[in-house]
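Working notes for the structure below.
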Amino acid sequence: MIQVKNVTKKYGATIAVNDISFDVKDGEIVGFLGPNGAGKSTTMNMITGFIEPTNGQIIINGNDISKSPRKAKKEIGYMPENVPLYYELTAREFISYMAELKLVKRNERKKEVEKVIEETGLKEVQNKLIRNLSRGYKQRVSLAGALVGNPDVIILDEPTVGLDPKQITEIRSLIKQLGKRHTVILSTHILSEVSQICEKVIIINKGKIIAIDTPENLEKSTKEKNGISVIVEDPKGNMKKLKQKIKEIDTIDFVKDNEDGTKQYVITTSSDIDLRKKLFEVLPKEEIVIFELKKTETTLEDAFIKLIDTVKVDENKNEKKKTKKSKEQNSKEEGKSESKKSKKEEKK
Amino acid sequence: MWAVYKKELKTYFLSPIGYIAIGIFMLMYSIFFYLTTILLGSVDMGNLYYATARYGLLLIVPLLTMRMFSEERKNGTEQLLLTSPRSVTSIVLGKFLAAASVIVITLILSIIYSIIISFFGNINVPTIIATMFGFLLVAMAAISIGTLASSITENQIIAAIITIVALVAPWFLVDISKIFSSIDLIDKFMKFPYGLISISDVISLISITVMCLLITIVLIKRRKAVK
């Protein structure tokens with residue numbers, strides 16, 4: 001269980017993370033999403049105790065990370081961004097060193113290291129120098145370092161960056177397995193990754209949390225309209241008249257002409273109506289031949305972009321308001337000072 | 001502490017650094033052995049240790065300390081250390097003691113020369129032990145300065161240069177004011193080769209060591225809050 005309470009991190013005048021709060025329950029896989037520079041890594045570094053928050057509290061399994069760091073840090077396995085490793089050690093030596101650092105008892109250490117090597121599939125390369133390993137294996141060694149000592153919470157900062165597609169799917173399935181026994185927080189900017197692995201998504205932008213929800217709900221909530229994409233052969237140009245035949249249709253948008261003479265359209269309706277059945281009935285009557293008909297799906301990607309854009313729009317509005325307000329205030333203050341002056345003069 | 005200590009000591013001998021440090025020490029020690037004892041027909045080992053401390057440490061200590069924290073910071077492995085349940089104090093002490101251990105190894109190797117000399121005349125064993133003790137104290141103080149230098153920069157070369165300057169500058173600053181002799185480590189080593197263990201020298205060397213290590217610990221902790 002991780003509790004993040006009103007955490008703020010300032011670097012001089014710039015605010016990297018602004019008053020964020022969230023909980024992660026035991027056994028959850030949580031995805032941390034956000035554009036570059038949104039404060040993902042900063043937040044993760046604060047949860048792991050690498051940097052201290054300017055304000056706020058981070059509690060891991062009941063232990064405050066800044067007040068009882070030894071207990072709290074023992075519960076965390078961290079795989080940092082850019083995969084830092086000791087290149088002069090072998091994979092096995094590195095994992096064993098991490099086990100020692102994490103206070104794994106001497107008599108359990110060998111067994112624990114063995115178990116983690118097995119889990120991450122490092123058996124063949126365990127005695128090679130990390131310097132000579134490929135990027136994918138380095139990533140796994142780093143992951144093994146995070147897993148050793150069986151911590152409750154595992155924090156992964158961009159775990160699949162720089163891997164080939166096969167390795168990515170391998171690491172993803174590994175993370176999914178981990179979610180059964182551990183609480184996992186992972187940051188990424190690959191959205192499909194989140195919708196595949198995570199049960200909960202935290203979207204962060206400019207140091208603020210803009211949404212916490214399941215990937216499905218996020219997709220739904222940003223979906224305002226149902227879209228149906230159709231590819232048809234329409235020699236008589238009856239598509240334009242369709243709106244009169246089916247009253248539920250909001251818009252019919254022409255997308256493109258295909259080479260084989262078919263045309264693609266997107267038909268939108270309000271979100272609670274499914275028109276697919278009706279279209280199948282009506283279009284042939286209008287002498288329109290259906291080549292393809294499918295529902296357009298909103299993805300997490302749409303949700304993400306939409307959420308971030310709405311924040312920007314809101315901010316612009318706020319700024320405008322602020323400038324208006326400040327102007328008003330200025331004029332008020334000026335008025336006040338003037339009145340004060342006049343009062344003073346009166347006193348004189 | 002011992003986890004970091006073991007790993008650091010191992011790293012010294014996995015990379016060439018440990019061997020180079022010992023090699024440089026033995027080379028200088030041998031040259032001074034020829035100059036101070038064989039050439040003069042003397043059995044006095046004091047000058048030998050004094051000369052090696054003065055010039056040898058200048059090369060060995062930066063070599064041992066420059067990568068201590070600079071490299072960790074540059075490679076990001078610092079994150080692994082600082083997010084582990086180990087305290088900053090135990091990490092700093094582990095690294096410091098590992099470097100000091102390399103010096104102890106060199107001192108043990110240096111005993112060979114005393115054994116050689118003992119075939120040709122009577123050596124004064126208590127004096128040699130006192131000298132070696134002093135040498136270790138001076139080396140530890142120099143290492144602590146190097147540790148501090150390494151913790152303030154990501155660049156190993158800058159760390160090494162800071163260490164060398166901190167060790168050499170007092171030799172010349174003494175001409176400006178006598179006050180600077182208090183930070184001159186070699187000045188505190190003067191009496192040991194005569195078999196004299198001066199409490200004030202011992203205490204000032206130990207306090208320089210402790211002070212530099214404390215500043216290192218505070219700096220690393222402070223960086224956590226600022227970073």
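Numbered from 1 within each chain, the chains take letters A, B, ... in sequence-line order. From a predicted model like this one, the values you see are computed outputs, not experimental measurements.
One distance of note links OH of A/Tyr97 with OG of B/Ser84; it measures 7.5 Å at 0.5 Å rounding. Atom CD1 of A/Ile47 is separated from atom OG1 of B/Thr83 by 12.5 Å, given to the nearest 0.5 angstrom. Interatomic distance, B/Leu80 CG to A/Met98 CE, rounded to the nearest 0.5 Å: 4.5 Å.
Closest non-hydrogen pair, A/Phe50 versus B/Lys224, comes out as O-CG, 3.2 Å.
Of the residues considered (A/Pro80, A/Pro53, A/Pro69, A/Gly77), A/Pro80 shows the highest number of contacts with chain B, using heavy-atom pairs under 4.5 Å. Ranking B/Leu14, B/Ile91, B/Leu81 against chain A, the residue ahead of the rest is B/Leu81, based on heavy-atom pairs under 4.5 Å.
Between B/Arg86 and A/Leu101, the closest side-chain pair of non-hydrogen atoms falls below 4.5 Å. In this structure, A/Arg70 and B/Pro85 have side chains that are in contact, with non-hydrogen atoms separated by less than 4.5 Å. Looking only at side-chain heavy atoms (C-beta outward), A/Thr48 and B/Gln79 stay at 4.5 Å or farther from each other.
Heavy atoms of other residues, nucleotides or ligands lying less than 6.0 angstrom from CZ of B/Phe13 number more than 12. In this structure, B/Ile157 places its CD1 atom where only 12 or fewer heavy-atom neighbours from other residues, nucleotides or ligands lie under 6.0 Å away. Residue A/Lys200 qualifies as enclosed at atom NZ: its count of foreign heavy atoms under 6.0 Å is above 12. Summarising the local packing, NZ of A/Lys128 is surrounded by 12 or fewer heavy atoms from other residues, nucleotides or ligands at distances under 6.0 Å.
Neither the backbone nor the side chain of A/Met46 comes within contact range of chain B; no heavy atoms are under 4.5 Å apart. Proximity to chain B is limited to the backbone of A/Leu85, based on heavy atoms less than 4.5 angstrom apart.
Ionic pairing of A/Glu100 and B/Lys7 is not present here: no N-O contact between side-chain nitrogen and carboxylate oxygen is shorter than 4.0 angstrom. Between B/Lys10 and A/Glu93, at least one side-chain N (NZ, or NE/NH1/NH2) sits under 4.0 Å from a carboxylate O, which counts as a salt bridge.
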> Going through the distances and angles, do A/Tyr86 and B/Glu72 end up as a side-chain hydrogen bond (donor to acceptor under 3.5 Å, both in side chains)?
Replying inline: CA-CA 9 Å; A/Tyr86 294 102; B/Glu72 301 252 11; 2.7 Å; yes
>> Show, in sequence, the C-alpha distance, side-chain angles and deciding distance for A/Glu88 and B/Thr11, and conclude whether the side-chain contact (heavy atoms from CB on, under 4.5 Å) test is met.
In response: CA-CA 7 Å; A/Glu88 66 275 9; B/Thr11 311; 3.1 Å; yes
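Proximity to chain B at a heavy-atom threshold of 4.5 Å picks out nothing from residues 22-32 of chain A.
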